[in-house]
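Here is the structure we will look at.
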Amino acid sequence: MLKKAPIEIRTSPHLKKALSVEQIMRNVVYALLPICAWSVYQFGISALALILVTTITCILTESFFCWMSDRPNSVKDYSVVITGLLLALTLPPGFPLWMAAVAGFIAIALGKSLFGGLGFNVMNPALIGRAFVQAAFPVAITTWTPSFVPGRFLEFIPSTLAVPFMTPVDTSDWVKEKAIDGFTGATPLALQKFEQVSADTMDLLTGSVAGSAGETSAIIIFICGLYLAFRKMMDWRIPAGVFAGTVLLSLPLYLYNPEIYPSPQFMLFSGGLMLGAMFMASDMVGSPLTPRGIWLYGAFIGVLTVTIRIFGGLNEGVMYAILVANALAPMIDSITQPRIYGERKEEVES
Amino acid sequence: MATLPNQEEKITLDTFLRGLWEENPVFVMLLGLCPVLAVTNSTMNAIAMGLATTFVLVASSTLVSLLRKVIPRQVRIATYIIIIATFVTIVDYVIQAISLDLYNALGAFIQLIVANCVILGRAEAYASRQRLGASVINALGMGAGFTIALLCLGTVRELLGAGTILGVQIFSVNFEPWVVMILPPGGFFVLGAWLLLFEYLKQRKERKLLSEEGATAHGS
Amino acid sequence: MDPNSLTFIFLNAALINNFVLALFLGLCPFLGVSAKRETAWNMGLATMFVMLVSSTSAYAINWLLTELEIEFLRLICYIAVIASAVQLVEMTVKKFSPTLFRALGIFLPLITTNCAILGLALFQTFREYDFLQSLAFCVGAGVGFTIALMMMAGLREKLELAKVPSVSQGAAMSLMLAGLLSLAFMGFAGLGGSHA
Amino acid sequence: MTELTSIAISVGFMAGLGLLLATVLVIANKRLFVYEDPRIDEIEDLLPSANCGACGSPGCRPFAEGLIDGSYEPAQCTVNSKDMNKIIADYLGVDLGNREKRVARLACAGGKHVAYIRASYDGMDTCRGAALVSGGGKGCTWGCLGMGDCEVVCEFDAISMNRYGLPVVDEEICTACGDCVDVCPKKLFELHPVSHQLFVACKNLEKGDEAEAECEVICTACERCAVDSPEGLIEIKENLAVIDYGKNRISSRVAIERCPTGAIVWFDKKGNYAVGKDARKVIRKEALPVG
Amino acid sequence: MRSFQTGFMNIFSKHKTFSHGIHPVEHKEMTADKVIRRIHFAPTMIIPLAQHRGAPAIPLVKPGQEVVRGEPIARAGGFVSVPMHAPVTGVVKAIDELVPTAEGPKTPAIIIETYEASTQQVLYDSPRDPDTMTPEELVQAVQESGMVGLGGAAFPSHVKLLPPKGKHIDTLVINGCECEPYLTCDHRVMLEQTDKLIQGIGMVLKATGAERAIIGVEDNKLDAVEHIRSRLPENGNISCQAVETKYPQGAEKMLITSLLGKEVPSGGIPADIGVAVYNVGTMAQLGDLVPQSRGLIERVVTVSGHGVEKPGNYLVPIGTPLRFLLEQVGAQPESSEVVMGGPMMGMSTASLDVAITKGVSGVVLFRKPDEDMNNRRVYPCIKCSACLDACPLHLNPSMLGQLAGVRRYEEMESDYHLNDCFECGCCSYVCPSNIPLTQYFRIAKAINREAKAAESKN
Amino acid sequence: MSSAEQGTLPPQADQPQTPSFAMLRTLGGVAMLAGFLVVMVYQWTKPIIAENKRIAIEKAVFRVVPGAASRKDFLLGEAGLFAKAEAEAGEGETIYAAYDEQGALKGIALEAAATGYADVIRILYGYNPGCECVTGIKVLKMAETPGLGDKIAFDPEFLQNFEALDAKLNSDKSGLENEIVAVKHGAKTEPWQVDSISGATISSVAIARMINKSGQRMFPLIARHLAPLKAAGEAVQPAAPTQSGAE
Ligand SMILES: Cc1cc2nc3c(=O)[nH]c(=O)nc-3n(C[C@H](O)[C@H](O)[C@H](O)COP(=O)(O)O)c2cc1C
Ligand SMILES: Cc1cc2nc3c(=O)[nH]c(=O)nc-3n(C[C@H](O)[C@H](O)[C@H](O)COP(=O)(O)O)c2cc1C
Ligand SMILES: Cc1cc2nc3c(=O)[nH]c(=O)nc-3n(C[C@H](O)[C@H](O)[C@H](O)COP(=O)(O)O)c2cc1C
Ligand SMILES: Cc1cc2nc3c(=O)[nH]c(=O)nc-3n(C[C@H](O)[C@H](O)[C@H](O)CO)c2cc1C
Ligand code: SF4
Ligand code: SF4
Ligand code: SF4
Ligand code: SF4
Ligand code: FES
C-alpha cells in the first residue's frame with residue numbers, strides 16, 4: 001500500500017481555490033474583446049490595425065525582456081495582452097501605427113519589465129505607454145476622426161499609415177471630403193471645455209461621437225466591467241469609488257453653475273472615465289491593498305479627474321489621475337492599515 | 001581605498017582622467033544633476049553650461065588650493081561658497097554680454113552653478129588638500145567629465161526631440177519630433193537610459209570575467 | 001486665474017511647475033534621501049524650513065541691495081547669508097535638541113547649498129514677488145518638494161520588495177521613476193490657467 | 001552714481017558682510033560647539049561596511065567606535081583585508097591583535113547518494129520550509145535537507161552546494177559571521193577554529209542498525225573512535241561521538257582510522273577533510289531512490 | 001469597517017458568524033453518515049511521551065513490565081502536562097525508543113507489545129459521582145484522565161479549567177463547528193454521545209464556575225443541533241446554537257466572536273474575556289471518563305479522502321501506528337499523501353510509522369489526481385487583496401508575504417502583526433498567485449523565535 | 001583636516017579653541033576680494049549688456065510695428081502720459097512709440113501677459129492708432145510645449161492673424177467695439193477673431209485673451225494722448241510732460 005508512489009509531503013493548506021492569475025487575466029481579455037469589436041465596427045480597419053499593432057508589440061517586448069533578464073517567458077499569463085488591448089483602446093482611431101508601436105514598447109519596457117515584470121510594476125503600464133506618446137506626439141494624439149465613416153472597412157484613415165518616424169498627413173481635408181456634417185474634430189470633452197457645450201448623454205452612451213476607440217461606448221464598457229466584477233475577477237470597489245468621487249465633485253459644481261460646469265452624468269459617460277474606472281484603475285497591481293485604501297484610491301481618482309477636466313489645461317484627466325493615484329498607492333496603504341482582530345485600543349494609538 | 005586623506009598625491013594622467021570616467025560627476029557620482037537635466041534640451045545649451053561650469057570649477061579650485069593654508073576649518077564652507085559665487089556671478093555677466101538669447105535659454109541655471117554640488121565637493125574634498133597643480137588638473141578633468149555628460153544628454157535629447165543637432169537638421173524635414181524628449185520627463189528618461197546602458201555593459205563584462213575564471217570564482 | 005494671486009502662485013510652485021519634477025531643482029537630495037519614507041518626510045520638513053529661512057532672508061537682502069544699488073552682488077550675498085543662516089540653525093539644533101537634530105539636522109548641510117533653496121530665492125526675485133507672494137511661493141515649493149519626495153520614497157520602498165532586474169537596480173531605477181512621476185505630473189499642466 | 005562710489009560701496013559692503021558672517025560663526029563656534037570624535041567617520045570609511053557582525057559588534061560603525069575606545073582589536077574584523085586592518089591599527093596607534101581564524105563546519109555528511117530519502121517534499125524550495133513539513137523528506141531527521149538556505153544566506157559566497165546536495169564551505173572565504181549557523185533549521189553548522197581538525201560530521205542520535213538504515217555515513221555510536229583516541233578526548237553521549245575540544249592538543253588522526261562509516265573526519269589546513277581507511281568506501285555517484 | 005461587514009453579512013446568512021473567512025468544498029458527505037466503529041488493536045503500540053502541548057510525560061513503567069489496558073504508564077511532567085495510560089493490555093518493550101512523529105523530529109516513546117489473547121477490557125477503573133466532587137477534585141480528575149484538547153491543539157484541558165489569576169470564566173464555548181473539510185468525527189460524537197457530551201459540559205461548568213455554556217455548531221450539521229437541543233437539561237444553562245458554515249468558524253477566536261460578539265484581545269487567550277473553549281469531543285470524553293475515573297486511551301478519528309477504500313469514523317486506540325490504521329481501512333495504491341488532521345491545517349506526514357496521538361482528529365489520504373491543485377505555478381503577488389479579504393484576523397498577508405520574500409522577518413512581526421496569525425491557511429487558499437503564504441509565515445515565526453532565544457541567551 | 005593631527009588628538013578632546021582672528025581675517029578678506037572682482041566685471045560688462053538689451057527691445061518693437069525706424073519710451077496710465085526718462089515707476093505701463101525716418105508715428109508697442117498652457121506667456125504687440133488694428137506680436141517669454149504651444153511664436157499661419165487684427169474702439173471710446181477672441185482652427189470668420197493653432201487651443205486662447213485685456217484698457221488711453229505721442233516724433237528732444245485731460 002502507498003508503495004506504488006513514494007510518499008509525498010506538502011505544506012497545508014492542501015486545498016486550493018480554483019481561481020488563478022492566468023484565469024483572471026484570460027477573463028479580462030474576454031471582457032475586453034466586445035469593446036474592441038465595437039470599436040472596430042465604429043472606426044473600421046484602422047482600429048483593427050491599431051489593436052493588433054499594440055498587442056503584438058507588447059507581446060514581443062515582453063518576450064524580449066524576459067529573454068534578456070533570463071526570466072521564464074511570462075506571455076502565457078495574458079497580462080501583457082491586456083496591456084496591449086487597453087493601450088489600443090485609449091488611442092485615437094487614426095493614430096499612426098508606428099507611434100502605436102512606440103507606445104506599446106514603452107508600456108512594457110518602462111512600465112513593466114524595468115521593475116521585474118508582472119506584479120512588480122508600480123504604475124499602470126498601458127497608461128505609461130499612453131502618457132509617453134501623448135507627451136511625445138501631442139498633436140497626433142489630439143487629432144480625432146469621426147466614427148461610422150462610410151467605407152471604413154475598406155480604407156484606412158490616412159494618418160494611420162504614416163511612414164515610421166515621419167509626420168502623419170493632416171486628416172482634416174480627408175474628414176471634409178468624407179463630408180461628415182459639422183464634425184469639428186473635437187471630442188465632447190474638448191467641446192465642453194472650450195465651447196461649454198455638453199454632448200447629449202444618449203450619444204455618449206452609444207458612442208456616436210469623436211474620441212478614442214475605447215472611450216466612445218460607455219455602455220458596453222460598463223457591461224463588460226460588470227461581468228468581471230461578478231466573476232470576482234475585478235474589485236468592484238474601485239470603479240464604485242471612482243464614480244463616487246466623480247459625482248462628489250462635479251455635482252456641487254454643476255448645481256452651483258450649470259452654464260459653465262458640465263453635469264455629473266456627462267462627466268461619468270464622456271471620455272475615458274468609464275474605461276479607466278472599469279479596467280485601468282481596477283488594475284490591482286498599482287492599487288492599494290487595504291479595504292479603506294481601495295475606496296480612498298477610487299475616490300481620489302474620481303476627484304482628480306474632474307479637477308483636471310474642469311480646472312486643468314487638458315480636457316481629459318483620467319489617465320493622469322490614475323497615474324498619480326498609482327504613485328500615491330503605497331502611501332495610501334500605509335495610512336490605512338486595517339485594524340486587526342482583537343487589537344487593543346492603546347496599540348491602535350501607538 | 002588604501003590612501004589616507006592626508007597624503008598629497010602627485011600629478012599623474014589619472015589625476016585628469018579620473019574625472020572623465022571612474023569618478024565622473026554625473027554618471028558615477030550623480031552630483032550636480034539639476035543643471036544636467038535642466039539645460040540639456042539642446043546641445044548648444046549643454047556646451048555653454050559645460051564650459052561655464054568648468055570655468056568656475058577650475059577658477060575656484062585654484063583659489064581654494066592657494067588659500068588652503070590660511071583658511072581655518074570653521075569658516076571653510078562659507079569661504080568656499082563666497083569664492084564660488086564670485087566666479088559664477090562673473091560668468092553670469094560675461095554670458096549676458098556675449099549673447100542675451102543664450103542667457104535667456106540657460107535661465108537661472110547659470111547662477112545655480114553656485115549650488116552645483118560638484119564644485120563645492122571638489123573644493124572640499126580635493127582642492128582644500130592638494131597642491132595647486134593637482135587641483136587645477138583634477139578640476140579640469142571633472143569639468144571635462146561634466147561637459148561630456150552634458151553632451152551625452154544634450155545631443156540625444158535634441159536629436160530625438162527636434163530632429164536637429166546644434167540646430168542642424170539631421171533627419172528628413174518631416175521627421176516627427178519626440179516632444180517628450182525636450183520636456184522634463186525626457187531628461188530623466190535619457191539619463192536613466194544612459195545609466196542602464198553603462199550598468200548593462202559593466203555587468204556583462206563581469207559575467208565574462210567570471211566565466212573565464214571558471215566556476216570557482218568568488219567575489220570577495 | 002490671475003497669475004499673481006497667492007493661490008495660483010502656490011499651486012504653480014507645488015504641482016504645475018513642481019520644483020523637482022518640472023524645474024529640476026534639488027535633485028541631489030531628491031535622489032539621495034528618497035529611499036525610506038520617514039527619512040523622506042523629515043527631509044521634506046527640513047527643506048521646507050530652510051526654504052522659509054532662505055526666502056525671507058533673500059527678500060530682506062534684495063531690499064537692502066536695491067537700496068544701495070549694488071544688485072550685482074545679489075548671488076554672493078544670497079548664498080553666503082543662506083548658508084551661514086542654515087549652519088547657525090543646524091548648530092543651535094544640535095546643541096539644544098539632539099533628538100530634533102537626529103531627525104532633521106543631519107539633512108541641513110545636505111540642503112544648505114542645493115539648487116532648490118537658491119533657486120527659490122532667485123526666482124522670487126526675478127518674478128518680483130512681494131513678501132506675501134514670496135511666502136506663498138516658498139510654501140508651495142516646499143509642499144511640492146515634499147509630495148514628490150514622499151511619492152518617490154513610497155515607490156522605492158514598494159520596489160524594495162520586488163524582484164527588480166539587477167541591471168535596473170539603483171540610480172537608473174530612481175531616475176526612471178522620477179521620469180514616470182514627472183510624466184504623471186504633466187497632467188497638472190495649465191491647472192487654474194485655462195478658465196479665465 | 002559714479003563708478004568709483006559704486007566700487008567703494010560694493011567692496012565695503014562685502015567686507016562688512018564677510019566680517020559679520022565671520023563674527024557670527026566665531027560666536028557660534030564658541031557657544032554652540034558639540035564635540036564628536038572625527039576619527040569615527042574616518043575609521044568607518046576604512047571598514048568594509050558589510051555590517052555582517054562577524055566582529056561581534058552590531059555593525060561597522062559601532063565597531064569603529066569600539067576600536068577607538070579600545071574595546072575591539074582591528075583584526076577582529078575578519079572581512080577587511082589584512083593590510084587594511086594594518087592601516088587602521090597604525091592610524092590608531094594600537095596593535096593589530098590577532099585571533100585564530102574560525103570557520104563554519106557542517107555536522108552532516110549524508111549527501112543524496114548515501115542518505116535514504118523517505119518522502120519527496122513538494123513545495124517552497126527552502127530547508128526551512130521543508131523542515132516544517134514533517135521534518136522534511138530525509139530519512140535521518142537530523143540531517144541536511146540540501147536545499148541551500150545556507151548557500152543563499154552567506155553574504156560572502158563561501159558556501160556552494162555540491163552534486164550530492166551538501167553545502168561545502170570555502171574556508172578561505174568564510175569569515176565566521178555565523179549567518180549559516182542561524183539559518184540552518186537543523187542547526188548543522190558550528191563555528192570552529194581551524195585548529196579543530198578532528199570533527200564529527202553527524203548529529204543523528206540513533207544507534208546501530210536502525211541508524212545505518214537511514215544513512216551510510218552515520219555515526220552508529222560503535223565507540224571505536226573513543227576507544228582508540230587518548231583518554232577523555234572523545235566520549236559517546238546519546239549515541240553520538242562528542243569531542244572535548246578542551247583537549248584539542250592531543251587530538252590526532254588515529255581517532256578516525258577505524259570508524260566504519262566515516263562519520264568522524266580529519267580536516268587539513270586547507271579545509272578539505274579525510275575519512276579513516278576502514279571507512280566504508282562510497283562508490284555510488286547517483287542519488288538514492290526516494291521511499 | 002469590520003463591524004459594518006459583520007452586520008452586512010448577517011443580512012445574508014441566517015446564522016451568526018464572523019467577518020472574512022472562506023468556503024472550501026466540504027467533502028463531508030463521504031463520512032458524515034458513517035457511525036463510529038472500533039478498529040482492531042495493533043500488535044505494537046507507540047505512545048510518544050510528548051503528544052500534547054507543555055512538558056512531556058515521565059514514564060512510570062520499565063521494559064519487560066506487564067501493563068493492563070487503562071493503567072497509567074507515565075505521569076504528568078508538570079502542571080501544563082498530562083499522564084499517559086496504556087491503550088492495550090500487553091508488555092512494555094521499551095520506554096525511550098526514538099520514534100518518528102508527524103511534526104518531524106524523533107521523540108522518545110513507550111512501546112507496548114499487545115497480548116493477542118487478552119480481551120482488552122478496561123478493568124482499571126473505580127466509579128465515582130461527579131456531582132459530589134468539588135471543583136478542585138474535578139480539575140485533579142481531569143488532569144489524571146490525561147485529557148487534552150481533542151480539537152487539534154492537544155492543549156491540556158485542565159489548564160483551561162484554572163484561568164490565570166484575576167480572570168473568571170463566565171461562559172463556556174463548546175466547539176462543535178468542525179469547520180475543516182472532510183472531518184466528521186465531532187459530528188458523529190454530537191449525534192452518538194450526546195448524553196456524555198452534556199454530562200461533560202455539566203462537570204466543566206461546575207469546575208470553572210461558569211454560568212452558562214453555549215454549543216456552537218455549523219449550520220451544515222443542523223441534525224446535530226436538533227438532536228442536542230432535544231436532550232438539553234431543562235435548567236437551561238446549556239444552549240446549542242447554529243453558526244454559519246464557513247472556515248475557520250471552528251477557530252476559537254472566530255467562534256467566540258460569532259456566538260458572543262466579543263473579540264479575544266490580540267496576543268491574549270479566551271480566559272482574558274472570561275471564556276474557555278472546549279471541543280465537543282473533549283467534553284464527551286470527559287463525560288465518559290471522569291465518572292469512571294478512567295484515562296484517555298482512545299479517540300474518534302475520521303479517516304477520509306479519495307485515497308481511502310473504507311472511509312469512516314473510527315474509534316482508534318491512542319498509539320496505533322498509522323500504517324496499521326491504513327491497513328485496516330484500506331488505502332488505495334495510488335494514494336500518495338497522508339494528512340494528519342484536516343486538510344486546511346493538518347500537515348502531511350513523511351513516515352507511516354508515526355502513531356495516532358491524542359491530538360489527531362482526522363487522517364486524510366490524497367491521490368495524485370487530487371493534488372493538481374497543489375502544484376500550480378507560483379506568480380509574484382499581484383496585490384489583488386484577495387488574501388486581505390479572506391484573513392479572519394484582518395491581517396495583511398500580501399504585505400507579510402512580500403516581506404517574507406525578502407527575509408525581513410522582524411518587520412513582519414513589529415509592523416504587520418505576524419504573531420497574531422494562527423496559520424488557518426485562508427490566505428494561501430485564495431491567493432491566485434499560488435503563493436504559499438501560510439508556510440512563509442510559519443518559517444518567519446520559527447526564525448523570529450530562534451532569534452529571540454539567541455537574544456535572551458546573550 | 002589631516003588625520004595625522006587627528007591621530008594625536010586624545011579620544012575625548014574638549015572643544016578646540018576657535019582661531020577667531022584667522023576666521024575674521026579670512027572671511028573678511030575673501031569677501032572683499034569677491035566684491036572687488038564682481039564689481040569690476042560688472043562695470044566692464046554693464047555698457048555691453050545695456051546695449052544688448054536696447055537692441056533686443058528695438059528689434060522687438062520694429063518687428064511688431066512694421067516700417068518703424070526709431071522709438072521713444074513712455075509711461076501711459078490713468079494719471080496721464082509721461083516720457084520714460086523723468087517719470088518715476090508706477091505711474092503707468094511702459095509703451096514704446098515707434099516712428100519712421102520722418103518721425104511720423106508708425107505705431108505703438110505694448111506688453112501683455114496671461115497664463116498659457118504651462119506658465120505665464122509675455123508678449124509685445126504693436127498697435128496702429130491709425131487703422132485701429134493690431135499690427136504684429138512677438139513672444140518675449142513663455143514655457144509652452146515645444147512643437148505645440150510654442151508655435152505661437154513663429155507659426156506663420158498663426159502670426160498672420162495679427163498682421164491686421166481689427167481693434168476698433170467703440171462709439172464712446174471706452175473700449176473695443178468687439179472683443180478679440182480665439183476660435184477653433186479654421187473657424188475664423190470675422191477680422192477681430194484669432195484662428196487658433198489646432199492642438200494648442202489653450203496657448204492661442206491665452207494670446208487672444210491678453211491682447212483683448214490690455215487693448216480694452218490701453219487703446220482708449222492711447223486715443224486720448226495721441227497728439228503728444230505724435231508730437232514726440234517731430235520734437236528733437238523727448239517730449240515735455242503733458243498733463244492729462246488737457247484736451
Ligand atoms: C502557548 C499557549 C498557552 C496557553 N495558555 C492558556 C492558559 O493559560 N489558560 C487557558 O485557559 N488556555 C490557554 N491556552 C489554550 C488556548 O486558549 C487554546 O484553547 C488552545 O491553544 C487550543 O486552541 P487552538 O486549537 O485554537 O489553538 C494556551 C494555548 C497556548 C498555545
Ligand atoms: C484555524 C483553526 C480551525 C479550528 N477548527 C476547529 C474545529 O473545526 N473544531 C474544533 O473543535 N476546534 C477547532 N480548532 C481548535 C479551536 O480553536 C480550539 O482550540 C479548540 O476548540 C479548543 O478546544 P479543545 O482544547 O478541547 O480542543 C481550530 C483552530 C484553528 C486555529
Ligand atoms: C504633452 C502635452 C503638451 C501640451 N502642450 C500644449 C501647449 O503647449 N499649448 C496648448 O495650448 N495645449 C497644449 N496641450 C494641450 C492639448 O493639446 C489640448 O488637447 C489642446 O490644447 C486642446 O486644443 P484642441 O481642441 O485644438 O485639441 C498639451 C498637451 C499635452 C499632452
Ligand atoms: C481588472 C484588471 C485590470 C487590468 N488593467 C490593466 C491596465 O489598465 N493596464 C495594464 O497594463 N494591465 C492591466 N491589467 C493586466 C495586469 O494587471 C497588468 O498587466 C499588470 O499591471 C502587469 O504587472 C489588468 C488586469 C486586471 C485583472
Ligand atoms: S546545512 Fe542546513 S541550511 Fe544548509 S542545506 Fe543543509 S539543511 Fe539547509
Ligand atoms: S555564512 Fe557561514 S560560511 Fe558564510 S561566512 Fe558566515 S559563517 Fe562562513
Ligand atoms: S494564515 Fe494567518 S494570515 Fe493567512 S489568513 Fe490565516 S491568519 Fe490570516
Ligand atoms: S492573494 Fe496572493 S496575489 Fe493576492 S494580494 Fe494576497 S498574496 Fe498577493
Ligand atoms: S545639483 Fe541641484 S541639488 Fe545638487
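In the text below, chain A, chain B and the rest are named by the order of the sequence lines, each starting its count at 1. Heavy atoms only: backbone and side chains are in, while hydrogens, waters and symmetry mates are out.
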Side chain / backbone / both / neither for [X] at chain A, heavy atoms under 4.5 Å:
X        : result
B:Phe189 : side chain
B:Leu196 : side chain
B:Pro185 : neither

Minimum heavy-atom distance between A:Pro138 and B:Val179, given as atom pair plus value: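 For A:Pro138 and B:Val179, the tightest heavy-atom pair comes out as CD-CG2, 3.8 Å.
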Testing the basics here: between B:Met181 and A:Phe132, what is the closest heavy-atom pair and its distance to 0.1 Å?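 Looking at all heavy atoms of both residues, the closest pair is CE-CZ, 4.3 Å.
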Just say parallel, tilted or perpendicular for the rings of A:Phe137 and B:Trp178, cut-offs at 30° and 60°.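 The arrangement is perpendicular - the two ring planes meet at more than 60°.
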So which part of A:Val139 gets closer than 4.5 Å to some heavy atom of chain B, the side chain, the backbone, both or neither?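 When you check distances to chain B, no heavy atom of A:Val139 falls under 4.5 Å.
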